[in-house]
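Here the structure is laid out as structure tokens; the discussion comes afterwards.
One-based numbering along the sequence shown. Whatever order the structure lists them in is the order used to number ligands and atoms, beginning at 1.
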Amino acid sequence: MYFHRSWHALAVLLLASFLLASCNLPFTQTPTEVPTPMTTPASTSPSVLTMDALIPLPASVQPAPGQFTLTAGTGIFVDPATPELTAIGQYLADKLKPATGYKLPVTAAASAPAGSIFLTTNGADPSLGDEGYTLTVTSSGVRLQAPKPAGLFHGVQTIRQLLPAAIEMSSQQPGPWAMPAGVIRDQPRFAWRGAMLDVARHFFSVKDVETYIDLLAYYKLNVFHIHLTDDQGWRLEIKSWPDLTAKGGSSAVNADPGGFYTQEQYKEIVAYAARRYITVVPEIDMPSHSNAALASYAELNCDGKAPPLYAGTEVGFSSFCVAKDETYKFLDDVIGEVAALTPGPYIHIGGDEAKSTPAADYLTFVQKVQDIVKAHGKIMVGWEEVSKIKLLPTSIAQAWTSDLATQAAAQGSKVIMSPATNAYLDMQYDPSTPLGQHWAGYVSVEDAYQWDPTTSLRGVPEDMFEGIEAPLWSETLRTLKDIEYMAFPRLPGLAELAWSPLAGRNWNEYRLRLVAQGERLTAMGVNFYHAPEVGFK
Ligand code: NGO
């Protein structure tokens, strides 16, 4: 009897510890404000529900037992019944439809019945700010709450990532469509979470640009910087100077086809991004990187002669004529039209690599351009070289290859971090990468993830960093597939640096979440590089 009882006790103990372990697995995180390294492998298979596969990692994750399952009868409810919230609800319904086959109705209601998804700004904690949200998943429903619509939109991306990877397929899949239960409280670390696309060296269609914007939104980025002009091409219609596109839009690197956006098309891109809570920052590069404009209008050149169009990849040889009044009349017209087309507060004026503009002229020029941008009601952003002028406190410098931007911070202007050694998506992953360049070295998936923007510029305090941006230059890229191959899988890591808290960051833990994201990128049809260091399935 004694032995029997002790064996029984042991069995109970074993059963209890097994149950405890299975309760904890895969929910190994304890409620915390900082992410802790996770011990369970990330997985998106419906039988192993986990909150461990999210990128960017939320500020706080508190898993709970149970799950919510989406069915054909699930409703999406929004409160209050504004067009904006209804549009976010509809965006979610549209994202869930192809794979589930469910046409989930979006309805306005002050509260939601059991079994539904409820999106509301009512009663949200204002300390979550403009982009934060809380997401509560229980077996009886999903509640997404945010003080501002942008927070709801970001929370919708989290809902997508909590569902099985197959939710991203464009054709109907068997399901089941379960999400793990728990509470997420989330808000971004940085206000500026950007990606830049160079449409000047090679031109990309509105549809390709929009596809890229969709991918930025999925990783909670909120800035799309579009590099619209360079030596090789001018890509935005300017009504007061039509030859910019008629002539300057016709060329591209390698004599590949050129192209440009009409003002209507540009507005469409801006509106598409805005519906995804992404601000478009247009860049008109100057005084150098300006050959396409100089080739279009002879009068913009100091010698009055238009150079030929350019299809090479050298940099720094062109310059607007700093001494001519016409130059500023031209720039005032261009910046005026761009400002009128762009609801966002920023205009990027380039300012990089002005190797053929005398140093004193450069200062005069950028100083004047800063005034023009201000006169059109916008904030000037420029590559790090603009730090040399007397900046307005609102102007922003974008660091890319040196510590020049410390001079901007010293003047009280904010800095965006895009160090080529970590954040340039056109750098090759390794010597075998068929696209891209390596002037700043190779940037592996780990390199793009393992750095902290606030410690990369010596002496600049943390609050002077506006955020991070990942530029993608297109000298070697011709198609959307090329764009995807260079951006993925590095962009999700940069998005995480921009969104998630710094504490607890760990490549080996991140790598597992990226493996899980690989299934999602595959389901979306994204042409990503299966970097061996990540260990994609
Ligand atoms: C540099 C240069 C660009 C190139 C890019 C290629 C900046 C700010 N200016 O970055 O014109 O396209 O490198 O990596």
Task: Atom NZ of K374: over 12 foreign heavy atoms under 6.0 Å - done: no
- [ ] Would you indicate whether H438, at its atom NE2, is surrounded by more than 12 heavy atoms from other residues, nucleotides or ligands within a distance under 6.0 Å?
- [x] no
Task: Candidate list Q411, Q367, K414, test side-chain contact (heavy atoms from CB on, under 4.5 Å), partner L391, passing option - done: Q411
- [ ] Measure the distance from atom 9 (N) of ligand 1 to every protein heavy atom, then report the residue, atom name and distance (to 0.1 Å) of the closest one.
- [x] D352 OD2, 2.7 Å
Task: Distance-only polar pair, side chains of Y266 and T342, donor-acceptor under 3.5 Å - done: yes
Task: N or O contact, W400 vs ligand 1, cut-off under 3.5 Å - done: no
Open item on the list: Show me which atoms of ligand 1 lie under 4.0 Å from any heavy atom of E475.
Closed with: 4 (C), 6 (C), 12 (O)
Open item on the list: Could you work out, with ring-ring contact (aromatic ring centres under 6.0 Å, His included) as the rule, every residue matching W451, not counting sequence neighbours?
Closed with: none
Task: Ligand-side contact atoms (ligand 1) for residue partner Q437, heavy atom cut-off under 4.0 Å - done: 6 (C), 14 (O)
Task: side-chain contact (heavy atoms from CB on, under 4.5 Å) partner of L197, the single match among L477, I483, I213 - done: I483
Task: N or O contact, D198 vs ligand 1, cut-off under 3.5 Å - done: no
Task: Numbered atoms and elements of ligand 1 in range of D426, under 4.0 angstrom, heavy atoms - done: 6 (C), 14 (O)
Task: Under 4.0 Å to a heavy atom of W383 - the qualifying atoms of ligand 1, by number - done: 8 (C)
TODO: Would you kindly say whether Q517 and Y219 are connected by a side-chain donor-acceptor distance under 3.5 Å?
DONE: yes
- [ ] Using a cut-off of 6.0 Å, state whether more than 12 heavy atoms not belonging to D325 lie near its atom CG.
- [x] no
Task: Shortest protein heavy-atom distance from atom 10 (O) of ligand 1, along with the residue and atom involved - done: Y424 OH, 2.7 Å
- [ ] Using a strict cut-off of 4.0 Å, indicate which atoms of ligand 1 neighbour a heavy atom of H289.
- [x] 11 (O)
TODO: Below 4.0 angstrom from a heavy atom of E353, which ligand 1 atoms are there? Numbered from 1 as shown, please.
DONE: 2 (C), 3 (C), 9 (N), 11 (O)
TODO: For atom 11 (O) of ligand 1, find the nearest protein heavy atom and state the residue, atom name and distance (0.1 Å precision).
DONE: R201 NH2, 2.8 Å
Open item on the list: Measuring from non-hydrogen atoms of M427 to any atom of ligand 1, is the shortest distance under 4.0 Å?
Closed with: yes
